[in-house]
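Input: a single structure, listed below in structure tokens.
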Amino acid sequence: MMMHRAAMRDVVIVGAGLAGLVCAWQLADARPRARVLVLDQGRPGGSSALAVGSFTAAGTSLQRAAGVEDTPAEHYADLLRLVDLEGDAGDLGRYRRLLRWFCEEAPATWELLSGAGVRFAGPYPEPPHRKPRMHNAVPAARAAVETVLQLLASRPKVEIAPGREVTALDRDGDGFRVTAGEVERCAALVLACGDRSAAWGRVPGLNPDALGRPIEMAAARFGCRDHPPRYAPSLRTVVPGKPHVEPQRHLVEAGRALTPAGTIPGVRLLERLDRLGGQEVHLRVAEERLRDRPVCTYPGIGYATLDHLLEQGLARRCGPEVEVGPLRVVVTLADGGLDVDADMAVLDASGTPLPGLFACGSAALGGIQLNGHRHHLMWAAVSGRRAARSLAGTPA
Ligand SMILES: Cc1cc2nc3c(=O)[nH]c(=O)nc-3n(C[C@H](O)[C@H](O)[C@H](O)COP(=O)(O)OP(=O)(O)OC[C@H]3O[C@@H](n4cnc5c(N)ncnc54)[C@H](O)[C@@H]3O)c2cc1C
């Protein structure tokens, strides 16, 4: 019997979130003849399509137009105070180098998205950043995903394959075999499968598909180093058709929370979130406590005030109080993933790059906890672009 052997692709990308899509786009432009397959278990978008849409960058034309003088070096200095790095001395040095080039490449990557047609508002102040660095995609992060998808539609060598969950990864000579229903063969493999925010068990992920299984497959099959995810539950609005926004701390602390378990003062609620996984919560707050203050970040406009939440149906008046919600206790994102070098090549346990294996986006955060407000979308785009340059053999 003749065995059918799948045609060899140059590159298979696992995951069509922002990181995987930017990687495919940039690779198609740098190496137009490369045959690229992007596999996604669902529809393209991932967590990137659910996100608010804040991109943090320093030194952009939007900042300059607003009279904000800012540099990647200042961004890096702020970022270092915010992130949490796990690992030995060698890891910490590598993470700092990755973060430095992340800040250096963020403005050019932002210009690339903006030049491609993604509209941004801002820059908005973003404490504890010292300069206004929040650039908000309009109307939301989905706009960036859709723009890149549209660009990819005219790149004939790139195929996007939705509804194909990757269930196994193996070596195939110098290349790889990727099982996603059918088996695909490729010379180079990029893991852009997002984070594992839905894999905790105690508190559900806001994106229930964010299981990041290919990270664990790669660790088991190829011996790459995987840093376990760290989970931090938070509150998000869950009104159908409306964005999932997180109330700012002062809003929660100012009020009391109505939960199925009873009424909890807002301050205590924040301490108990990991015990309230998935539960629906309403916050009752005296209206005057929220007047003229931003109450949560919001797609397109940076921050919403109470009036905006009332207008959007995310809050309603109850006598002298307002009720915000419904909210749900969820995990929005969970950092921790594969270790990579500056080319986005995945490293084995001894720190050696594994030939042909790359990662980008949240899957490639290693032991970096990317705290500090709105760095994840920018990291997805910057690291996707960087992985593409490595695959195309062009200098970074
Ligand atoms: C509500 C919300 C708001 C947010 N707001 C912001 C914000 O404003 N700014 C910011 O910086 N960050 C924000 N984040 C975080 C940010 O969206 C993510 O960290 C970022 O989008 C990750 O991008 P990614 O491309 O790495 O992963 P994703 O966008 O999650 O893409 C991963 C893709 O891989 C696919 N995949 C996974 N496993 C498999 C498999 N086995 N087989 C095939 N495909 C697979 C998934 O289906 C998915 O499409 C927010 C997140 C949420 C949920």
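Start at 1 and go down the list; that is how both ligands and their atoms are numbered. Please read all numbers here as calculations on a predicted model, not as lab measurements.
For ligand 1, the polar-atom distance check against Ser47 finds a nitrogen or oxygen pair separated by under 3.5 Å. Taking any N or O of Gly212, backbone or side chain, none lies under 3.5 Å from an N or O belonging to ligand 1. Between Asp209 and ligand 1, no N or O atom pair is found at a separation short of 3.5 Å. Backbone and side-chain nitrogen or oxygen atoms of Val52 are examined, and one is located within less than 3.5 angstrom of a nitrogen or oxygen of ligand 1. Ligand 1 has no nitrogen or oxygen under 3.5 angstrom from a nitrogen or oxygen of Gly20. Considering backbone and side-chain N/O of Gly42, none are found under 3.5 Å from N/O of ligand 1. Considering both main-chain and side-chain atoms, Met217 never comes within under 3.5 Å of ligand 1 through any nitrogen or oxygen pair. Backbone and side-chain nitrogen or oxygen atoms of Gln41 are examined, and one is located within less than 3.5 angstrom of a nitrogen or oxygen of ligand 1.
Hydrophobic clustering (side-chain heavy atoms under 4.5 Å, transitive across Ile, Leu, Val, Met, Phe, Trp, Tyr) groups Leu276 together with Leu251.
Ranking protein heavy atoms by distance to atom 17 (O) of ligand 1, first place goes to Ala51 CB, 3.3 Å. From the protein, the heavy atom lying nearest to atom 16 (C) of ligand 1 is His376 CB, 3.9 Å. The closest protein non-hydrogen atom to atom 11 (O) of ligand 1 is Leu377 N, 2.7 Å. Of all protein heavy atoms, the one lying nearest to atom 27 (O) of ligand 1 is Gly194 CA, 3.3 Å. Leu333 CD2, 3.5 Å is the protein heavy atom nearest to atom 15 (C) of ligand 1. Taking atom 42 (N) of ligand 1 as the reference point, the nearest protein heavy-atom neighbour is Val166 N, 2.8 Å. Among all non-hydrogen protein atoms, the one lying nearest atom 51 (C) of ligand 1 is Thr332 CG2, 3.4 Å. Nearest non-hydrogen protein atom to atom 34 (O) of ligand 1 is Gly15 CA, 3.2 Å.
Test Arg316, Arg289, Arg256 against Glu321 for side-chain hydrogen bond (donor to acceptor under 3.5 Å, both in side chains) and you get one pass: Arg256.
Near Gly45, meaning under 4.0 Å from one of its heavy atoms, ligand 1 places the atoms 29 (O). Per-residue contacts place His375 under 4.0 angstrom from the following atoms of ligand 1 (heavy atoms of the residue considered): 11 (O). Here is the list of ligand 1 atoms found below 4.0 Å of a heavy atom in Arg236: 1 (C), 3 (C). Atom numbering of ligand 1 starts at 1 in the shown order; those under 4.0 Å from a heavy atom of Gly53 are 7 (C), 8 (O). Remark: ligand 1 atoms within the under-4.0 Å shell around heavy atoms of Pro214 are 38 (N), 40 (C), 41 (N). Against a heavy-atom cut-off of under 4.0 Å, Leu50 is close to the following atoms of ligand 1: 1 (C), 2 (C). Contact atoms of ligand 1 toward Ala192: 32 (C), 33 (C), 34 (O) (distance under 4.0 Å to a heavy atom of the residue).
In this structure, a donor-acceptor pair under 3.5 Å is absent between the side chains of Asp195 and His376. With 3.5 Å as the limit, one finds no donor-acceptor pair spanning the side chains of Glu246 and Thr332. Side chains of Thr60 and His135: a donor on one and an acceptor on the other come within 3.5 Å.
Between Asp10 and Arg33 there is no salt bridge, since none of the side-chain N atoms of the basic residue sits less than 4.0 Å from a carboxylate O of the acidic one. With respect to the salt-bridge test (charged N to carboxylate O, under 4.0 angstrom), the residues Glu126 and Lys131 do not qualify. Under the 4.0 Å criterion applied to side-chain N and carboxylate O atoms, Asp226 and Arg196 are assigned as salt-bridge partners.
For CZ of Arg81, the number of neighbouring non-hydrogen atoms (other residues, nucleotides, ligands) closer than 6.0 Å is greater than 12. Heavy-atom contacts from other residues, nucleotides or ligands closer than 6.0 Å to CG of Asp88 number more than 12. By the 6.0 Å contact criterion, CZ on Arg155 is enclosed, its count of non-hydrogen atoms from other residues, nucleotides or ligands being greater than 12.
In this structure, of Ala168, Gly361, Ser48, the residue bringing a heavy atom nearest to atom 23 (O) of ligand 1 is Ser48. Residue nearest to atom 47 (O) of ligand 1, selected from Asp40, Val178, Thr297, Val14: Asp40 (by heavy-atom distance). For the residues Pro44, Ser362, Ala180, Ser54, the heavy atom positioned nearest atom 26 (O) of ligand 1 is part of Ser362.
When heavy-atom distances to ligand 1 are checked against a 4.0 Å cut-off, Arg164 comes that close only through its backbone atoms N, CA, C and O. Under 4.0 Å from ligand 1, heavy atoms of Ala19 appear from its side chain as well as its backbone. With a heavy-atom cut-off of 4.0 Å, Arg213 does not touch ligand 1 at all. In Leu206, the part holding a heavy atom less than 4.0 Å from any atom of ligand 1 is the side chain. Contacts of Ala141 with ligand 1, taken as heavy-atom pairs under 4.0 Å, are absent altogether.
Ring geometry for His375 against His75 counts as parallel: the plane angle stays under 30°, on a 0 to 90° scale with 60° as the upper cut. Using bins of under 30°, 30° to 60° and over 60° for the plane-to-plane angle, the ring pair Phe55/Phe120 lands in the perpendicular bin.
At a threshold of 4.5 Å between non-hydrogen side-chain atoms, the residues Ser114 and Leu62 do not count as touching. Asp84 places a side-chain heavy atom less than 4.5 Å from the side chain of Arg230.
In this structure, CG in Asp335 is found 8.5 Å from CD1 in Ile368, a value given to the nearest 0.5 Å.
Listed by chain and residue number, Trp25, Gln26, Arg385 satisfy the side chain to side chain contact (heavy atoms under 4.5 Å, CB included) test with Leu112 (two or more places apart in sequence, or in another chain). Evaluation of the side chain to side chain contact (heavy atoms under 4.5 Å, CB included) rule for Ala187 yields Met8 as partners, not counting sequence neighbours.
Within the structure, ligand 1 has Leu18 among the residues with a heavy atom less than 4.0 angstrom away.
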